[in-house]
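Accompanying notes for the structure given below.
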Amino acid sequence: MRPPAAPSGEMLAREAVERFGLLYPAGQDGGFRHDVSGHPLLNPNALAAAALRMDPATVQIRAGNARNGEGFDFGEDTGKSIDEIICGIAEAGRWIMLAKLEQLPEYEALLREIMAPLVPAIRRSTGEVLRLRGYAFVQSPGVVTPFHLDPEYNIMFHIAGAKDFAVYPMEEPWLSAAVNEYYHRSGDNLLAWQGDYREMGSIHRLGPGDALYVPYKRPHWVEVGSEPAVSLSVTWCTKASYEQEAAWRLNAWFKGKGLSLPEPAPLPSRSRLRALAWSALDRLRLT
């Protein structure tokens, strides 16, 4: 049975805050309930208007025929504006992401309002919330977000429609040292795929009012159901996660020189010395 939604006027109930505190930081992916779905900034019309005001470089329109293990193409130009595509998303066959919503003041305020009850648990476990960002996803029926990783902590607040969100452990065969090094060297976050992987993930069926916490860099893929879907991802980093990114970049740099370093300690452990070493190499322009 799902826990009750938040009381009127609140976006996260006490049970949701407590549940998140048990999951964070490096625990299992897991869900809780929210009351964000009815917010006026998150309906398709509002998001269509927001897209027109955003930096165009932060608005992505991709084809709706992607599959796990394949590329993620931007698709052909339909000649329609972004607001037209969003308002007609049911028939558009498109995957749309509005990235860095915090560039718009009203959305920055919304992100901070949503996260305010969770910040104490984050601060206790991993320190200050850094690089708080918002990503709105507007997707046509049946669209797949291919298997990939993201270098941040993430809560997916599902707003409309339904989607399956599959999460995998940070281990082989999905995420090896070689994959980590390749990602931090190239920036390519798509992951290799085999057919039997589908049954090996933890699949969460999300509907309006469901939120899913996804720990740092956990491999995942997403598939929309039979209706258009809208979701809001709120992501953040910490000092330790920044250090681990630097440590993996250092490992990748040494691998390019024919040398190997041990894997960085998993979060929330710190990688201060490797981060300092990478910073020194970068300052000397040796990277």
> Does S186 reach the main-chain N or O of Y182 with its side chain, forming a donor-acceptor pair under 3.5 Å?
Replying inline: yes
> Can you list every pair that meets side-chain hydrogen bond (donor to acceptor under 3.5 Å, both in side chains) and has a residue in residues 78-90, with sequence neighbours left out?
Replying inline: S81-D83, S81-E84
> Between W248 and R185, is any pair of side-chain heavy atoms under 4.5 Å apart?
Replying inline: no
> Can you check whether P262's main-chain N or O pairs, donor with acceptor, with N251's side chain at less than 3.5 Å?
Replying inline: yes
>> Run the side chain to side chain donor-acceptor pair (under 3.5 Å) test against Q244 and tell me which residues pass, sequence neighbours left out.
In response: none
> Less than 4.5 Å apart, any side-chain heavy atom of T58 and any of L98?
Replying inline: no
> So which pairs with a foot in residues 84-139 pass ring-ring contact (aromatic ring centres under 6.0 Å, His included), sequence neighbours left out?
Replying inline: F72-W95, W95-F137
> If we only count heavy atoms from C-beta on, is the L281 to R249 side-chain gap below 4.5 Å?
Replying inline: no
> Does CD in E171 sit with more than 12 non-hydrogen atoms of other residues, nucleotides or ligands closer than 6.0 Å?
Replying inline: yes
> Would V138 and V234 show up in the same hydrophobic cluster when neighbours are defined by side-chain heavy atoms closer than 4.5 Å?
Replying inline: yes
Under 3.5 Å, which donor-acceptor pairs do the side chains of residues 253-260 form with other protein atoms, sequence neighbours left out?
from, atom 1, to, atom 2, distance (Å)
W253, NE1, L286, O, 3.0
K255, NZ, E181, OE1, 2.8

> Stepwise, does the side chain to side chain contact (heavy atoms under 4.5 Å, CB included) test hold for M11 with H34?
Replying inline: CA-CA 6 Å; M11 294 191 184; H34 69 80; 6.0 Å; no
> Excluding sequence neighbours, so at least two apart, what forms side chain to side chain donor-acceptor pair (under 3.5 Å) with Q194?
Replying inline: none
> Hey, any chance F74 and I85 share a hydrophobic cluster, counting ILVMFWY side chains that come within less than 4.5 Å of each other, even indirectly?
Replying inline: no
>> Using modelled atom types and a 3.5 Å cut-off, is there a donor and acceptor pairing between side-chain atoms of S279 and backbone atoms of A275?
In response: no
>> Count I, L, V, M, F, W, Y as connected when their side-chain heavy atoms are under 4.5 Å apart, and connections chain through other members. Are M170 and M156 then in the same cluster?
In response: no
>> Listing request: all salt bridge (charged side-chain N to carboxylate O under 4.0 Å, His left out) pairs with a residue in residues 144-166, at least two apart in sequence or in separate chains.
In response: R131-E152, D164-R205
>> Does H39 form a side chain to side chain contact (heavy atoms under 4.5 Å, CB included) with I159? I'd like the steps, not just the answer.
In response: CA-CA 9 Å; H39 197 283; I159 307 301; over 6 Å; no
> If you look at every heavy atom in P40 and A46, which pair is closest and at what distance?
Replying inline: O-CB, 3.1 Å
>> Starting from M200, can I reach V167 by hopping between I/L/V/M/F/W/Y residues whose side chains sit under 4.5 Å apart?
In response: no
> Can you tell me how far CD1 of I114 sits from CG of L232, rounded to the nearest 0.5 angstrom?
Replying inline: 5.0 Å
> Hey, does the side chain of E106 reach the backbone of L41 with a donor-acceptor pair shorter than 3.5 angstrom?
Replying inline: no
> Do D188 side-chain atoms and L190 backbone N/O form a donor-acceptor pair below 3.5 Å?
Replying inline: yes
> Do the side chains of P25 and L267 get nearer than 4.5 Å, heavy atoms only?
Replying inline: no
> With no hydrogens and no angle check, is any side-chain donor or acceptor of S271 less than 3.5 Å from a backbone partner on E243?
Replying inline: no
> If only atom types and distance count, is the side chain of R33 paired as donor or acceptor with the main-chain N or O of A16 below 3.5 Å?
Replying inline: no
>> Please find the pair of heavy atoms, one from P117 and one from P120, that lie closest to each other, and give the distance.
In response: O-CD, 3.6 Å
> Has the side chain of N154 got a donor or acceptor atom that lies under 3.5 Å from a matching backbone atom of V214?
Replying inline: no
>> Walk me through whether E245 and Y216 qualify under side chain to side chain contact (heavy atoms under 4.5 Å, CB included).
In response: CA-CA 11 Å; E245 287 185 46; Y216 175 88; 3.3 Å; yes
>> I want to check something: taking the side chain as every heavy atom from C-beta on, are R274 and L261 in contact at a cut-off of under 4.5 Å?
In response: yes
> Taking the six-membered ring for Trp, are F20 and F32 parallel (under 30°), tilted (30 to 60°) or perpendicular (over 60°)?
Replying inline: perpendicular
>> For R285, give me all partners under side-chain contact (heavy atoms from CB on, under 4.5 Å), at least two apart in sequence or on another chain.
In response: none
> Checking salt bridge (charged side-chain N to carboxylate O under 4.0 Å, His left out) for the pair R112/E108: CA distance, chi angles, key distance, verdict?
Replying inline: CA-CA 6 Å; R112 295 193 179 282; E108 180 185 21; 3.7 Å; yes
>> Within a 6.0 Å radius of atom CG on L22, are there more than 12 heavy atoms belonging to other residues, nucleotides or ligands?
In response: yes
> Are any non-hydrogen side-chain atoms of H158 and L212 less than 4.5 angstrom apart?
Replying inline: no
> Hey, are the side chains of L110 and L42 touching, using non-hydrogen atoms and a 4.5 Å cut-off?
Replying inline: yes
> Would L12 and W236 show up in the same hydrophobic cluster when neighbours are defined by side-chain heavy atoms closer than 4.5 Å?
Replying inline: yes
> With sequence neighbours excluded, what pairs up with E128 under the side chain to side chain donor-acceptor pair (under 3.5 Å) test?
Replying inline: R123
> In terms of ring plane angle, is the pair W193 and Y197 parallel, tilted or perpendicular, where the classes change at 30° and 60°?
Replying inline: perpendicular
> Looking only at heavy atoms, what is the nearest atom pair of I203 and A166, with distance?
Replying inline: CG1-CB, 3.8 Å
Check: residues 221-229 side-chain donor-acceptor pairs under 3.5 Å, at least two apart:
from, atom 1, to, atom 2, distance (Å)
W221, NE1, Y168, OH, 2.9
E223, OE1, R198, NH2, 2.9

>> Under the salt bridge (charged side-chain N to carboxylate O under 4.0 Å, His left out) definition, can you give me all pairs with a residue in residues 134-149, not counting sequence neighbours?
In response: none
> Closest heavy-atom contact between Q139 and I89?
Replying inline: C-CG1, 3.7 Å
> Under the 4.5 Å side-chain heavy-atom rule for ILVMFWY, direct or indirect, which residues accompany Y242?
Replying inline: L130
> Any side-chain heavy-atom pair from F165 and S231 closer than 4.5 angstrom?
Replying inline: no
>> Applying side chain to side chain donor-acceptor pair (under 3.5 Å), can you list everything that pairs with W174, at least two apart in sequence or on another chain?
In response: none
> Where do V129 and M115 land on the side chain to side chain contact (heavy atoms under 4.5 Å, CB included) test, with the steps shown first?
Replying inline: CA-CA 10 Å; V129 173; M115 291 297 291; 5.7 Å; no
